[in-house]
Structures are given as C-alpha cells and as structure tokens.
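One structure below.
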Amino acid sequence: MPYKDLVKCWHEGVLAAEKKDLDSALKSFTCIEDPPSKIWFNIGCIHLLREDFLNALQAYSQSVTKDQCLAVGFFQRSYVNYKLERYEKALSDCHLAMAQLRNNSVIDYKQLGLQHLLHAWEVLYNTAVILCHLGKWESAEQKITEAARWVPGEIRNAKLEAASVQIKRQRLLQPIHVADGEIFRPRKQEVEQLNSKDFLGKPKVISSVVPNDQYSGFEPLRPQRPGFYQPHREAMPGQGAGYHRVMVHYYPEDSGEVAVKANSILFVLTKHGDWATAIHDGQKILIPTNFLEPVDAPKADMKKINNGIPPPPMKMPPTRPNAKTSGEKCSEILGES
C-alpha cells in the first residue's frame, strides 16, 4: 500500500474518531493493508471505547508485536487484561511496560503523534492495583512505595498517598490508562501534502493589443525589426486609423493608465466619437480625439537601430610615423660632429 494512501486513511480515521463516529474510524483504520504498530494501537483504542475488550486485546497484541519497544502498548494491554480479569497477564504486561521504559521516569509520545506522557510511577501504580486483586497486599504496598521514588522530590503526588492509605485498609483500587479518545495521529506535514499543489497555476490565454499580431511568446523575446509598427489595413475595421501626433500632454484621471507626453507619435486603431483607441509604447490606451492630429508614418532612423552589430568608428585611425633609413641616420650624426 502506498504510504500516501496509508496517511490518507489514517487521517480520515482520526477525523472520524474526533467526531465520535467510531464505526467510520474503525473502518478507515482497518482498510489499511498491513497496518503498522501505531494503527493497531488506534484500533485497540477504538475497540476499548466500544468496550469490545477481546478485539481490543487482539489489536494491542498486534501493536506490541509490530513494535516490541512500545511501552504504552504494553501499558494499555495490561489495562485490557485487567478489565477481562486476567490479572496474571495484566501483571506481566506491567513488567514489560516498565522494562521498555529503560530506567526513564517518563516517555513523551507527543513526537510520535500521541498526546500522552507515560510515567514510571503510573506503571508501578497499576502493578500495585493488580497485586491488590491478587491478594498480595504487602507486595502492592511495596510497589506504591517504589512508585513514590520515581516522582520528583519537589512534587507531591496525592494519588500515591491516597493509594497507600487504601492498600493499608485492604481496599481495591482502579488502574490508570491512556485518556479516552487519545490516539496516534499522522504528522501535520504529511497531512498537508495529501492535497495536490499546482505550482505552475492555470494557463491563461492573453491576446495581443497589436492587431494581426502573429508573434506568440514572451514580449522581451520578440524579434526586433527596424522601422515602426504598421498593421495591415484589412485588420483595421475602424475609420481614421493611422499615425497621429499628440498635441498636448494627456494625463488620464486613473493613475493606473498610461500618460502621454506632447509630440508623442502613436497609432490610432479606431475612433469612437470623442475617444480614440490607440497603441502607445506597446500598450492599448484611450485618448481624446481632439488631442490628436494625423501625421505621416515616421521613418526609421537607421542610426538608432540596434541590430547587434556595433557601428564602424567615425574617427580616422592615427597614421604611422615615417621610419628613417640607416643612411639618413649616419648623415645626421656626421653633420652634428
């Protein structure tokens, strides 16, 4: 099963569990092929909420089989065995959970996706609870004393103190377990990657402002040709199309539009009453017709055309000085002497 599909089913099961829809959550978790230890743990928690202890026991057993170092898995299976009154097996699971703590006072499962802190004193407390049900009151009292040593000295644990009093009175206690509804969740980064991202965006068809424009591509890469733009006449349905000169400065009311300076040459596409549609500086603009006067098509200044070849030098290169012959040099020396 692809890991992406596993995370998807996992996340759907978590969302269903949050909504207390246990059937949908169980369906999402069980549809995963060859579930890992965390998924089996979640399945056990769902069965536990439904008070289906036998299926919960089977799920927790699969969880600790997949991950034999999962102390919280042994801890939960011990609780299920306790509910099934299998006290010897529950006691064995408490010993396995304590062994997987590896002399640590607490294991934080938040980094693995479970909002739970498993403390060593909790495991020892449950051990004392089971010993009470087995009638081993002295051993239970010893476990409570040992559990108190795992609590930091500056913290006073009222639960252990109350348990010690109850054991001395030979009264049964109730075990601790992971809070109802707490299950392993997938990482946030993995869930965010389930939704496909469109990095390129949707394509957009952009029409050129230049009529009868055959070029397709990026504007900076458009091949430059000498001269001025002159569209075909059949592409100009309007009247009065042609080059015009702007007689006065034109500043549009909208600051986002293009301003046109006086004496600028633009090409009018069409005229509609008092307004004309024209191309200026590669952009289509609207400009009042009374600001324009027709002019002949300007001619290209060949000196300003940049075709990639630098112009030839305008200055004459310096002349080479005349070299003197050896006879002339000897005569000059004799003359000086």
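Numbers here simply count residues along the sequence, with the first being 1. Bear in mind the structure is a predicted one, so any value in this text is a computation, not a measurement. All heavy atoms count here, side chains included; hydrogens, waters and symmetry mates do not.
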Enclosure of [X] [atom1] (heavy-atom neighbours >12, cutoff 6.0 Å):
X      : atom1 : result
Lys159 : NZ    : no
Gln111 : CD    : no
Gln189 : CD    : yes
Gln115 : CD    : yes

>> Under the rule for salt bridge (charged side-chain N to carboxylate O under 4.0 Å, His left out), what residues qualify as partners of Arg185, not counting sequence neighbours?
In response: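 For Arg185, the residues satisfying salt bridge (charged side-chain N to carboxylate O under 4.0 Å, His left out) (neighbours in sequence not counted) are Glu18.
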> What residues, two or more places apart in sequence or in another chain, satisfy salt bridge (charged side-chain N to carboxylate O under 4.0 Å, His left out) together with Asp180?
Replying inline: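 Not a single residue meets the salt bridge (charged side-chain N to carboxylate O under 4.0 Å, His left out) criterion with Asp180.
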> Cys31: what forms a side-chain contact (heavy atoms from CB on, under 4.5 Å) with it, not counting sequence neighbours?
Replying inline: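 Cys31 satisfies side-chain contact (heavy atoms from CB on, under 4.5 Å) with Cys9 once adjacent residues are dropped.
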> Do Asp274 and Asn290 have side-chain atoms, one donor and one acceptor, less than 3.5 Å apart?
Replying inline: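 No donor-acceptor contact under 3.5 Å links the two side chains.
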Without swapping roles, check the side chain of [X] against the backbone of [Y] for a donor-acceptor pair under 3.5 Å.
X      : Y      : result
Asn126 : Val123 : no
Thr30  : Leu26  : yes
His272 : Thr270 : no
Trp10  : Phe184 : yes

According to a 4.5 Å side-chain heavy-atom criterion applied to Ile, Leu, Val, Met, Phe, Trp and Tyr, with indirect links allowed, do [X] and [Y] form part of one hydrophobic cluster?
X      : Y      : value
Phe29  : Leu15  : no
Ile43  : Val64  : no
Leu22  : Val14  : yes
Ile176 : Leu134 : yes

>> Would you say that Trp137 contacts Leu131 through its side chain, given a criterion of any heavy-atom pair below 4.5 Å between the two side chains?
In response: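 A side-chain contact under 4.5 Å is absent here.
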> Do the non-hydrogen side-chain atoms of Leu70 and Ser63 ever get within less than 4.5 Å of each other?
Replying inline: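 Of all side-chain heavy-atom pairs linking Ser63 with Leu70, at least one is under 4.5 Å.
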> Who pairs with His249 by side-chain hydrogen bond (donor to acceptor under 3.5 Å, both in side chains), at least two apart in sequence or on another chain?
Replying inline: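 Expected list: none.
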> With sequence neighbours excluded, what pairs up with Arg187 under the side-chain hydrogen bond (donor to acceptor under 3.5 Å, both in side chains) test?
Replying inline: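 If we apply the side-chain hydrogen bond (donor to acceptor under 3.5 Å, both in side chains) test to Arg187, skipping adjacent residues, the hits are Glu190.
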> Between Arg50 and Asp23, does at least one N-O distance fall below 4.0 Å, as a salt bridge requires?
Replying inline: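 Salt bridge between Arg50 and Asp23, a charged N being under 4.0 Å from a carboxylate O: yes.
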Would you tabulate the side-chain donor-acceptor contacts of residues 140-149 under 3.5 Å, counting partners in other chains and residues two or more places apart, or write 'none'?
from	atom 1	to	atom 2	distance (Å)
Thr145	OG1	Glu141	O	3.0

>> Let's go through Lys66 and Asp34 carefully: what are the C-alpha distance in whole Å and the side-chain angles of both, what is the deciding distance for salt bridge (charged side-chain N to carboxylate O under 4.0 Å, His left out) to 0.1 Å, and is it a yes or a no?
In response: CA-CA 10 Å; Lys66 293 281 186 177; Asp34 191 18; 2.6 Å; yes
